[in-house]
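This report concerns only the one structure given below.
Per chain, numbering begins at 1; letters A, B, ... match sequence-line order. What you are looking at is a predicted structure, and each value in this text was computed from that prediction instead of being measured. Any value given below was found using the heavy atoms of this structure, including those in side chains, with hydrogens, waters and symmetry copies removed.
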Amino acid sequence: MPEKIYEHNAIELKWSERWAADPKLFAPEENSSKPKYYVLEMLPYPSGTLHIGHIRNYAIGDALARYKWMRGFNVLHPMGWDAFGLPAENAAIKNNRQPGEWTNYNIEHMKRQHRRMGFSYDWDREISTCQPEYYRWNQWMFLRMYEKGLAYRKNARVNWCTLCATVLANEQVVNGCCWRHEDTPVEQKELVQWFLKITAYAQELLDAMQKLEGGWPDRVLAMQRNWIGRSEGTEVDFTLEGTAEKIRVFTTRVDTIYGATCVILAPEHPLTAQLVKGEEYGKVKAMIDYLATKGPGDVSKEGLFTGAYAVNPYNQQRVPIWIGNFVLMGYGTGAIMAVPAHDERDFEFCTTYGIPIIPVVRPVDGALPAKVEAAFGDYGIVENSGAWTGLSSADARKQMSDLAKKEGFGESSITFRIKDWGISRQRYWGTPIPFIHCKQCGVVPVPDDQLPVVLPDNVQFTGKGKSPLAMVPEFVNVKCPTCGAAAERETDTMDTFVDSSWYFYRYCDNKNSTAPFDKKKIDYWFPIDQYIGGVEHAILHLIYSRFWTKVMRDLGLISNDEPTARLFTQGMVIKDGAKMSKNKGNVISADTLVEQYGADTGRLFELFAAPPERDLDFTDAGAKGAYRFIDRVYRFVTRNADRMHSPGEPTEADRKVLRKLHQVIEKISVDFESRWHFNTSIAAFMELINELYAHEANLSGPVVKDVLERIILLLAPFAPYICEEMWAEIGREGPVLKQAWPTFDPELAKEDGAEVILQVNGKVRSRLAVAFGTTKEELEKMAMANEKVQSFMAGKPVVKVIVVLDKLVNVVVKG
RNA sequence: GCCCGGGUGGCGAAAUCGGCAGACGCAACGGACUUAAAAUCCGUUAUCCGCAAGGGUGUGCGGGUUCAAUUCCCGCCCCGGGCACCA
């Protein structure tokens, strides 16, 4: 049969339509006897276009899903839409279109692109987080958290633009100014907002990471540890001189407390307003405003002496109380003791303001300095510290904390950097927070039977003034569920990270209208066997979703502790040396890719060009190469399909090709099971094709059959369309993903013999073809007899001979 | 400042357990086919010296361990990312 020309568009469209027409094709089996496998790619925001960055994520997941099907797993591989969020609202302001309409239009388009790419999703399980059927369960779970005290209200600052007279999201703040008014500085405004008590789970989130080790990338775990930021220290009460009032400070170095030369309060500390009155307080106010406009890192240290003094409970020393702009109210107790001799920041502050510097810790092998030139922050031996003098820092920390506890002026304490999760957004396009504000009854939860609280349609978007929801009277004006009096609905909506914190549970039971999901289904599918997404979600999404899982477990909704057993974070797709973005105009959409090269080429190229965890530069020439390669395989298969059925005796070419085939089966299987270096899997597959081209004329019929069938199966996870087509071309019935993965025969893969390298003083001088298992003695003898080896030995005396079986002989000579 | 990654040909990369550095692909060059071009097929391609045979050098830099180091250890430099006055 003559070879066929690879017409990617016709072939891919044909199979795309057939696959779409079979809704059960990519669906998991009910009551399956197969082992389950849940593979998940992070759901996209429906921005309007699927681009080559998305495709990398999905190509990895899809290759894995298809491989697992072929390996006999019952695979769950769903997809959905993270559909709430700011861009829809911005589009509404700009184009006078409803956010929902804009979003749904985008979803339709992107779903078409998804289908055209041929990813093996069970679309029957699709979810979109902006649908009331979905977000009602956000509201329902939020109410359960409220009942457990895990959702609460408190004052917090928001970004405020005076010109828009509206709240800005962090993303809408550009260089400290409003995104729509480039020279209007953003101000801080206090509002009452909702928080989720993630800090209650800080310790468990940290501890449970031990179980994730090995399954999650180290860098993600490191980032999460950093984010949670546990630190062990001591809280100590200083006394406000002349009163019984206590000032509690937090320190990790109580062993240095004899060197404390002042106490510094955060500007927002409650005591500040009490100690600094009248005109002076204006300076504190200025400090707070200054901090709000500055990014962290470029704040210069400023202080203000209050005139008051505090007494150190360990040595009754009297020290001045200062206000410092670098002391954070949100961490520890909002007050610190400054030990300039042993802390760099305190040193800088005290030097500036002429506050004394007293060293009290010396290096283990050194002495206390006569004059402190720089802070010594390491552990050492405590000096000039009363009864503690001579102890190591570690011992002193422990014993001094114990004393504080015993005497009642403090205790050891653990502080976390992670803060409670503020979820209130003064926005329209998000889940309405299900609460009602009643003058009589206060903050009243919406009863379960009134859920969902549905977003109203036809809202005006001006981008100014109150939140759009606050301007819809039908939405705002309600009766109090408790007393029936006129009341007002909460108009804030939830952070969209709420939506993505549990969406992967809903895939298991996406049509359930009486509960978020059926626990039995979760027990079957969870944890997710493999989660795949961008590293930019290493902290927020991936911590929030871990937190949400633990809350749902404690609510009795599920039994698993963690959502995800294994996580993979793929690298970014770079175009022309820069991250793709609309601003740079270097975004390549899936449509462009498909039209030029086809879905298979795009996927194959992105998997081949770099290992998946690394950043990838998308180049046209590279894509062309992948196209050429698929074409090369396709032509080989089509022109040899007839030969499959011709009889023939085994040939030498058969043996070589089968050997390579089985080596490649092993290689690709191992890559899937361990490293995921699909770039090397595909390289090995290319070597196999090169081998086939070299021996094409001399292959026997039975081996042609064997090889054609297996190369199609091996390539299928990476380029599914062309493989489905080739499977049909060789007269087999699909679908390919339900065929068994080729088995590896170690006997056939074996090389004829070993090639042993001969070295003299570590340099390769010759090589020997020998039988496997040739003994050390024989190898050594052969090496010593080798002409090249002899000439490089140059008659010098042999020091020793290293022999590694089947690998090398290294003759070490003197000189 | 702290915590992660990474640094190998003209380019993307490979070397999975300390054992041939550069597999595979791109680009380039040469050949075959063609009236010609494209496509395709075959070949060459780290670098220096050499006509060649062959030899030297080479994985960011400097040391070390080892018969042997891209790989392990110590100290630096550069690039990317995260956190950042967290007491």
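Using a 4.0 Å heavy-atom cutoff across all strands shown, A:E344 reaches no nucleic acid atom at all.
Because its glycosidic torsion is more than 90° from 0, B:G30 is reported here as anti. Classified by its glycosidic torsion, B:C4 falls in the anti category, the angle being over 90° from 0.
For A:S231 and B:A87, the shortest distance from a side-chain N or O to OP1 or OP2 is below 4.0 Å.
Between the side chain of A:K800 and the base of B:C67 there is no donor-acceptor pair of N/O atoms closer than 3.5 Å. The base of B:C67 sits with one of its N or O atoms less than 3.5 Å from a complementary donor or acceptor on the side chain of A:N810. Side-chain to base pairing of A:R219 with B:C3: no donor and acceptor N or O lie closer than 3.5 Å to each other.
Residues meeting the ring pair (Phe, Tyr, Trp, His ring centres under 6.0 Å) test with A:F195, sequence neighbours left out: A:Y152.
Listed for the A:D806 side chain is a donor-acceptor partner under 3.5 Å among the backbone atoms of A:G773. In this structure, the side chain of A:S393 engages the main chain of A:G380 through a donor-acceptor pair within 3.5 Å.
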What are the atom names and distances for every N/O pair under 3.5 Å that joins the protein to nucleotides 69-74 of chain B?
none

Could you pull out the protein-nucleic contacts involving nucleotides 36-40 of chain B (nitrogen or oxygen on both sides, under 3.5 Å)?
| unit_1 | atom_1 | unit_2 | atom_2 | d |
| --- | --- | --- | --- | --- |
| B:U40 | O3' | A:R635 | NH2 | 3.3 |

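Between B:C76 and B:G7, the two C1' atoms lie 14 Å apart (nearest whole Å).
Both A:D615 and A:A684 sit near RNA chain B, but only A:D615 has its closest nucleotide nearer the 5' end. When each of A:V220 and A:N690 is assigned the nucleotide of RNA chain B bearing its nearest heavy atom, the one mapping closer to the 5' terminus is A:V220.
Residues from residues 664-681 of chain A with heavy atoms under 4.0 angstrom of RNA chain B, sorted by number: A:K667, A:R675, A:N679, A:T680. Scanning residues 413-421 of chain A for heavy-atom distances under 4.0 Å to RNA chain B yields A:R417.
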Could you summarise the pairing of RNA chain B as dot-bracket text, marking Watson-Crick and G-U pairs under 3.5 Å with ( ) or [ ] inside the strand and | across strands?
(((((((..(((......[....))).(((((.......))))).((((....))))..(((((..]....))))))))))))....
